[in-house]
Amino acid sequence: MSTLINRPILLIRGTGNERDAKALESLGISTLSDSFTEITPGEVHAAQELLERAENSQCWIIITSLNAIDFWSSLVGPQTLSRLFSTNPSIKFAAIGTGSTDALKALGVKEILTPEVQSSQELLKLLANFPVSNAIIPAGNLAMPVLPQGLRAMGWEIDTRVVYINTIAATTPKSVQALNQGEIAAVLLRSPSAARALAHFAPASQTPVFCGGQATAKAANELGFKVLAVAKDPGPTAVADLILQTLEE
């Protein structure tokens, strides 16, 4: 068994590390959570604009990340969103990832279009099977443009607003020292922005990384990091299984 498994996996995203930590620790893999990015709410008026556009329209609401639905909900109020979702039968829903799907279900949504392989490209393929429509997409300031650009190319009208802001952490994370001293088995990167944050604080790191998708892996490779494996399913359980299998090999 690899000696890497005796060292912790470093979790560096601004929110949501607890879900990965729980999945990894259930498999006996220790973790260290230390945010390399900061996630803050977007403007209330932007979130409200999306809400108003959805209230009396026939549209799709597309959720591409857990942060998108969480921050939209917090900015306008979860009861307000839940009421909208239950009173407008013309709204259809699509989501990428189990976290986003679960968050929509918690707001009362029962039918959610979700691709088996959880990526923007795969969701785009599914949506191509439906009539051209309008899409409302709450997003972060660094959201990848793949989905809105693809839908626009198919004739869809897209209304997207920034509901959360992702920035590099203002202070150096304490775990950088452990990284530089070789005390970390690997870093889990969940987004290209996380890869860039890692490069900002530990540009010379030789610690390998696991990536939550192809876009993240591309960014990590371009920044010179050694990618051990790339998840096809970015759900915490699937990623934890992939990490365990890779470390055991």
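For the single chain, residues carry numbers from 1 onward in sequence order. Quantities reported herein were computed from a predicted structural model and do not represent experimental measurements.
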Using modelled atom types only, decide if a donor and an acceptor are shared between the side chain of [X] and the backbone of [Y] within a distance under 3.5 Å.
X      : Y      : answer
Ser100 : Leu66  : yes
Gln206 : Ala204 : yes
Ser74  : Phe71  : yes
Ser205 : Ala202 : no
Arg196 : Ala199 : no
Asn221 : Ala217 : yes

Using the rule that Ile, Leu, Val, Met, Phe, Trp and Tyr join whenever any side-chain heavy atoms are under 4.5 Å apart, tell me whether [X] and [Y] fall into a single cluster.
X      : Y      : result
Val162 : Ile136 : no
Ile63  : Leu123 : no
Leu142 : Ile137 : no
Ile184 : Leu223 : yes
Tyr164 : Leu51  : yes

Got [X] and [Y] here, is their nearest side-chain heavy-atom distance under 4.5 Å?
X      : Y      : value
Pro173 : Val176 : yes
Ser119 : Ile96  : no
Val187 : Leu179 : yes
Phe85  : Thr80  : no
Leu11  : Leu32  : no
Val76  : Val44  : no
Leu10  : Thr207 : no
Asn67  : Trp72  : no

Closest heavy-atom contact between [X] and [Y]?
X      : Y      : answer
Ala219 : Ala195 : CB-CB, 4.2 Å
Ser57  : Ser90  : O-CB, 3.9 Å
Thr37  : Gly14  : OG1-N, 3.0 Å
Pro41  : Leu75  : CB-CD2, 4.0 Å
Pro148 : Ile158 : O-CG1, 3.9 Å
Ala220 : Cys211 : CB-SG, 4.0 Å

Measure from the ring center of Phe130 to the ring center of Trp60 and say whether it is less than 6.0 Å.
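When the ring centroids of Phe130 and Trp60 are compared, they turn out to be within the sub-6.0 Å range.
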Polar side chain donor-acceptor pair, Ser33 to Glu18, under 3.5 angstrom:
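Result is no, nothing qualifies.
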Contacts of type side-chain contact (heavy atoms from CB on, under 4.5 Å), residue Ala169, not counting sequence neighbours:
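If we apply the side-chain contact (heavy atoms from CB on, under 4.5 Å) test to Ala169, skipping adjacent residues, the hits are Glu38, Phe201.
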side-chain contact (heavy atoms from CB on, under 4.5 Å) between Phe210 and Leu189: does it pass, once the steps are laid out?
CA-CA 6 Å; Phe210 290 94; Leu189 300 177; over 6 Å; no
Crowding at CD, Glu43 (>12 non-hydrogen neighbours, <6.0 Å)
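At most 12 heavy atoms, drawn from other residues, nucleotides or ligands, come within 6.0 Å of this atom.
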Other residues, nucleotides and ligands only: do more than 12 of their heavy atoms fall within 6.0 Å of CD on Gln214?
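Counting other residues, nucleotides and ligands, CD of Gln214 stays at 12 neighbours or fewer.
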With side chain to side chain donor-acceptor pair (under 3.5 Å) as the rule and sequence neighbours excluded, what pairs involving residues 175-195 come up?
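For residues 175-195, and leaving out neighbouring residues, the side chain to side chain donor-acceptor pair (under 3.5 Å) pairs sorted by first residue read Asp20-Arg190, Asp34-Ser175, Asn166-Ser193, Ser191-Ser193.
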According to the side chain to side chain donor-acceptor pair (under 3.5 Å) rule, which pairs have a member within residues 146-162, sequence neighbours left out?
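Residue pairs with at least one partner in residues 146-162: Glu49-Arg161, Arg53-Asp159, Asp159-Arg161.
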Nearest-0.5 Å distance, [atom1] of residue [X] to [atom2] of residue [Y]:
X      : Y      : atom1 : atom2 : value
Ser120 : Leu151 : OG    : CG    : 9.5 Å
Lys125 : Leu127 : NZ    : CG    : 12.5 Å
Asn88  : Arg83  : CG    : CZ    : 13.0 Å
Lys105 : Glu111 : NZ    : CD    : 11.0 Å
Glu249 : Leu244 : CD    : CG    : 9.5 Å
Arg7   : Ile29  : CZ    : CD1   : 13.5 Å

Evaluate the criterion side-chain contact (heavy atoms from CB on, under 4.5 Å) for residue pair Ile39 and Ile165; output intermediate values, then yes/no.
CA-CA 6 Å; Ile39 311 295; Ile165 308 295; over 6 Å; no
As a quick check of understanding, evaluate side-chain contact (heavy atoms from CB on, under 4.5 Å) for Ile12 and Ser35, giving each step before the final call.
CA-CA 4 Å; Ile12 70 170; Ser35 298; over 6 Å; no
Does Gln58 form a side-chain contact (heavy atoms from CB on, under 4.5 Å) with Asn134? I'd like the steps, not just the answer.
CA-CA 7 Å; Gln58 183 173 352; Asn134 303 321; over 6 Å; no
